[in-house]
Amino acid sequence: MKKAAFYTLGCKVNQYETEALTGIFEKGGYEITDFEQVADVYVINTCTVTNLSDRKSRQMIRRAKSMNQDAIVVVVGCYAQTAPEEVSSIPGVNLVIGTKERSKILDYIKEIENGRDKINVVGNIMSAMDFEELNIDSYQERTRAFLKIQEGCSQFCAYCIIPYARGPIRSRNPEDVVTEVKRLAEGGFKEIVLTGIHVASYGKDIKTTSLVDIIQRVHAIPGIERIRLGSIEPMTITEDFIKTAKSLEKLCPHYHLSLQSGCDETLKRMNRKYGTEEYRRVVKLLKDNIPDVSLTTDIMVGFPGETEGEFEKTYRFVEEMGFSKMHVFKYSPRKGTPAASFKDQVSPDIKEKRSTRLIELSDRMAKEFNEKYTGRTMPVLIEQEVRQKEGFIEGLTSNYIRVLCEGDEHCKGEIKDVELLKIEEDYMIGKITG
Ligand code: SF4
């Protein structure tokens, strides 16, 4: 039996797509093996979000070839899409596919087996009109499923290469979403995380559906007990959205509202489509209406031109918002984006200092948030055993508190009532009560 191995860089969408590709290979008669093992085909699903991601992608391509000189090396994903010639010229690469045409991967491999040396099928993604269906038929885990419902982004934030790697917004057909969720529910999944490149755009291209509509359809599927939204743009949260959200008990009270900066001048240079006043209003709407809501976000420090004063505005703003967690990134210029050539690039040591301050603030806010739940009993979806803590299992509350408690693998995939006893680092220790 021929063997295929996969390596995935980047985001949850890439992980979803690798799972789908794995299924295509399994159906095609391949055995799936570890990337560090000898295989006949290596697939590297690349990322291009920073220059470092490109470098890592190249490293993994070379690593694949070193595992087996005779292997077919396939490079797919965002880096392949934005730099197909560069990828194709890396010694040992046989097949380059970008962010579409992935469903034909085995046909192209056959052509290589029949004597073609190199194939590059990367086309112009900016003219892509359809959502490429890549279904997942079998799953390794049986707890939370990340489900891709949307492709592409048309926002063109000044620092981001993704619109050029993924093309314009395309929504997955709602019937296909429902079919896949039903299959997931039958497979024992209790939580669905709706994900995509720009989830907030879901339905904007096909008009017959919307984000709220797809949430409602998923909500109606028996067996699914939780629906979580991947990262969304703040302006998705309107009064109408809140009205519906309040009536959907399976919708997790956890919103990852991408912020990037808490300073209006910086947001404007970033070409983000909201200001702090709108963001503040959205946060108030959520906090006033959704009990136990937890808000998480992404913040970028050191965007070109970010002065000390601008950073202070961000610091004060995020503190005021009271996030339960923040992902803090240091800006790094991405070739091919407008911001890479902006004046006043911020020095690495200033970025480092700002990042450290915000991470400290994030830790403090996480603690303050978790503290409010000490003594409370909350339903926790148990995901896995804890490697470093024998006899312990871990999972998430619906409002995204990570909880560790004593238990065994039989609890995996179950929603248990857990009393939250104390805070430890960025998680809580609990005790199963029911
Ligand atoms: S919204 Fe902005 S940051 Fe997010 S993928 Fe689109 S362009 Fe990139």
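Counting convention: from 1, in listed order, for ligands and their atoms alike. In this chain, residues are counted from 1 in sequence order.
Near P163, meaning under 4.0 Å from one of its heavy atoms, ligand 1 places the atoms 7 (S). Listed by atom number, the atoms of ligand 1 under 4.0 Å from Q155 heavy atoms are 1 (S), 6 (Fe). The F156 neighbourhood of ligand 1 comprises atoms 7 (S), with distances under 4.0 Å to a heavy atom of that residue.
Under the 4.0 Å criterion applied to side-chain N and carboxylate O atoms, E233 and R272 are assigned as salt-bridge partners. R226 and E249 are not joined by a salt bridge, as no carboxylate oxygen comes within less than 4.0 angstrom of a charged side-chain nitrogen.
Taking backbone and side-chain atoms together, C157 has an N/O/S atom less than 2.8 Å away from atom 2 (Fe) of ligand 1.
For E36, the CD atom counts as densely surrounded, since its 6.0 Å shell holds more than 12 non-hydrogen atoms of other residues, nucleotides or ligands.
For the pair Y159/M270, a side-chain contact is recorded, criterion being any heavy-atom separation below 4.5 Å from C-beta on.
With respect to atom 8 (Fe) of ligand 1, the closest heavy atom belonging to the protein is C160 SG, 2.3 Å. For atom 4 (Fe) of ligand 1, the nearest protein heavy atom (residue, atom name, distance) is R272 NH1, 4.4 Å. Protein heavy atom at the shortest distance from atom 3 (S) of ligand 1 is Y159 OH, 3.5 Å. Annotation: atom 6 (Fe) of ligand 1 to nearest protein heavy atom, C153 SG, 2.2 Å.
The residue among H198, K273, R334, M300 with a heavy atom at the shortest distance from atom 1 (S) of ligand 1 is H198.
Contacts between S258 and ligand 1 below 4.0 angstrom, taking non-hydrogen atoms only, are absent altogether.
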- prompt: What's the verdict on ring pair (Phe, Tyr, Trp, His ring centres under 6.0 Å) for Y16 and F146, showing C-alpha distance, side-chain angles and the deciding distance?
  reply: CA-CA 7 Å; Y16 176 88; F146 287 84; 9.2 Å; no
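A distance of 6.0 Å or more separates the ring centres of F323 and F369.
Between A4 and F6, the shortest heavy-atom contact is CB-CE1, 4.1 Å.
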